[in-house]
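Heads up: the structure comes next, in structure tokens.
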Protein chains: 2
Amino acid sequence: MSTETEPRWRRLEPDQRREQILDCAIRLFGERPYAEVSTTDIAREAGVARGLINHYFGSKRGLYLEVVRRMVTVPVADRSAVPDGSLAERVEFSVDWLLDVISARGKTWVAVLGTEGVGNDPEVERILAEADETAAENLVRTVGLRDAEPAGAELRAIVRAFGGMVKAAGREWITHGTLTREQVQLVLAEQLTALLGETFPHLQRL
Amino acid sequence: MSTETEPRWRRLEPDQRREQILDCAIRLFGERPYAEVSTTDIAREAGVARGLINHYFGSKRGLYLEVVRRMVTVPVADRSAVPDGSLAERVEFSVDWLLDVISARGKTWVAVLGTEGVGNDPEVERILAEADETAAENLVRTVGLRDAEPAGAELRAIVRAFGGMVKAAGREWITHGTLTREQVQLVLAEQLTALLGETFPHLQRL
DNA sequence: AGTTGCTATTGACATGGTGACAACAGCTTG
DNA sequence: CAAGCTGTTGTCACCATGTCAATAGCAACT
């Protein structure tokens, strides 16, 4: 008779366990709406007691906010590869890079930004606004316009607005398949070029 | 002793009661996120028993879907007032009308489209997609482009994408105050003009 | 190897929200 | 004023969430 003391559960480092639960939560929240996902589901998926979720994230809502935060974090562009050509060329490069990012996230990305619903959640709104802001800043820098201009705030505002079109166009491409990547590329590049090259100067004269 | 038979509650026509509950639900769902609003809250707000909500809408989710449907319904433009001038002029008129609509809804509109969260709700997605589609069709017709063109599907797709920019720009204007109405008007009009006049022809050659 | 201590993890409990359903009561019609 | 129709209520069973004391992996030190 071997004294096999197989442990019922393994004890992990807090960071690892946190990450593991977060992964499962991301998957489930991506599949079903918030109210349809129970903490029991997440706990079962992670092979963990339900109470552990509360221990690490406080509440279901806390976990949800972490998921949102994780999902909307956009990597920073590698600016060393940006060409030195005309505005149109730099824009084209930026848009192409942007579509690469979207393509890599695929359905997961859509699950995050694809659904807009009723429900004024200030926390979620704050997180998304922050993500939009940094994304806009990145884009402006990548394209090479000086951010420190006097009208920098307005520039970032219209770039954030443009971000709305990026998301919507991405949905058309990824989920609905009504536009090809090439078409999206063309549309976004031309629109952004016009926005930065034409409209923005006009705006400053208002 | 007067035989005051003050009734404890009034019996309303189903449509009226439905509408009343819906109004309260719209208000509450606009203030707090879905999970933070209980059917008890809604029932109290409407001065009604909680069970009545289930009777009229089946479930909390059913009520929520009704709210979303109601909120994203956009009125149809009165095309009799559209000028006959150039594309740019018609676009300018359409955008102005669009901003009037947004302005009229104000904060309520923001409560609907302002928050994007994680959570793939197919029903909500379908409702919003439908609303976007009819809005795009309206815009195309108002601007005066023939919808029956061979590339009509692609045209509507890029107009839907443009709709994403309209929403984002509206948020910048209404909630954040980072852009004035005049600035939004200029940006959207120029972008849409470029989209329809320049980019769309390019797209067809792809 | 045995013991001790730390803490990650569990399991049970209390609370509150949701949906179903039978009973009740306004209102209308004869 | 009686009777029926149905809008409305209140209760019941079930499920989800958050809290907390108890448990048990695991490492360090005899």
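Below, read A as the first sequence line, B as the second, and so on, with proteins coming before strands; counting in each chain starts at 1.
Among residues two or more places apart in sequence or in another chain, the side-chain hydrogen bond (donor to acceptor under 3.5 Å, both in side chains) test is passed with B:Glu130 by B:Arg126. Legend: residues meeting salt bridge (Lys or Arg N to Asp or Glu O under 4.0 Å) with A:Glu19, ordered by chain and number and at least two apart, are A:Arg70. When the salt bridge (Lys or Arg N to Asp or Glu O under 4.0 Å) test is applied to B:Glu182, no partner is found at least two apart in sequence or on another chain. Taking the salt bridge (Lys or Arg N to Asp or Glu O under 4.0 Å) definition, one finds that A:Glu198 meets it with nothing, sequence neighbours left out. Taking A:Arg17 as the reference, A:Gln20 meet the side-chain hydrogen bond (donor to acceptor under 3.5 Å, both in side chains) condition, with sequence neighbours excluded. Taking the salt bridge (Lys or Arg N to Asp or Glu O under 4.0 Å) definition, one finds that A:Glu190 meets it with nothing, sequence neighbours left out.
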Short heteroatom pairs, N/O only, protein and nucleotides 26-30 of chain C, under 3.5 Å:
unit_1 : atom_1 : unit_2  : atom_2 : d
C:dG26 : N2     : B:Arg11 : NH1    : 2.5
C:dG26 : N2     : B:Arg11 : NH2    : 3.2
C:dG26 : N3     : B:Arg11 : NH1    : 2.8
C:dC27 : OP1    : B:Arg11 : N      : 3.3

Tabulate atom names and distances for all N/O pairs under 3.5 angstrom spanning the protein and nucleotides 14-18 of chain D.
unit_1 : atom_1 : unit_2  : atom_2 : d
D:dT17 : OP1    : A:Thr39 : N      : 3.4
D:dT17 : OP1    : A:Lys60 : NZ     : 3.0
D:dT17 : OP2    : A:Thr39 : N      : 2.8
D:dT17 : OP2    : A:Thr39 : OG1    : 2.5
D:dG18 : OP2    : A:Asn54 : ND2    : 3.2
D:dG18 : OP2    : A:Lys60 : N      : 3.0
D:dG18 : N7     : A:Arg50 : NH1    : 3.0
D:dG18 : N7     : A:Arg50 : NH2    : 3.4
D:dG18 : O6     : A:Arg50 : NH2    : 2.4

Please determine whether side-chain contact (heavy atoms from CB on, under 4.5 Å) holds for the pair B:Gln183 and B:Trp173, giving the CA-CA distance in whole Å, both sets of side-chain angles, and the decisive distance to 0.1 Å. CA-CA 9 Å; B:Gln183 290 176 318; B:Trp173 164 35; over 6 Å; no

Test log, rule salt bridge (Lys or Arg N to Asp or Glu O under 4.0 Å), inputs B:Arg156 and B:Asp132: CA-CA 10 Å; B:Arg156 288 199 307 276; B:Asp132 287 346; over 6 Å; no

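One atom, CD1 of B:Ile53, and another, P of C:dG17, lie 13 Å apart when rounded to the nearest Å. Atom NE2 of B:His55 is separated from atom C1' of C:dC24 by 14 Å (rounded to the nearest Å).
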Side-chain donor-acceptor pairs of residues 44-53 of chain B under 3.5 Å, sequence neighbours excluded:
unit_1  : atom_1 : unit_2  : atom_2 : d
B:Glu45 : OE2    : B:Arg27 : NH1    : 2.5

Ignoring hydrogens and angles, write down the donor-acceptor pairs under 3.5 Å from the side chains of residues 158-166 of chain A, residues two or more places apart or on other chains.
unit_1   : atom_1 : unit_2   : atom_2 : d
A:Arg160 : NE     : B:Glu172 : OE1    : 3.4
A:Arg160 : NE     : B:Glu172 : OE2    : 2.7
A:Arg160 : NH1    : A:Glu133 : OE1    : 2.5
A:Arg160 : NH2    : B:Glu172 : OE1    : 2.8

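End-to-end axis angle of the helix from C:dA1-D:dT30 to C:dG30-D:dC1, from C1' rotation axes over five pairs per end: 10° (rounded to 10 degrees).
Taking a 4.0 Å limit (strictly below) on heavy-atom distances, residues 14-23 of chain B reaches DNA chain D at B:Pro14, B:Arg17.
Taking the six-membered ring where the residue is Trp, A:Tyr64 and A:Phe29 present perpendicular rings, their angle passing 60° and hence far from 30°.
The minimum heavy-atom distance between A:Ile26 and A:Met71, with the atom names listed, is CG2-SD, 3.6 Å.
Going from atom CD1 of A:Ile21 over to atom CD of A:Glu66 covers 12.0 Å, rounded to the nearest 0.5 Å.
Within the structure, a side-chain polar atom (N or O) of A:Tyr56 is placed less than 4.0 Å from OP1 or OP2 of C:dT9.
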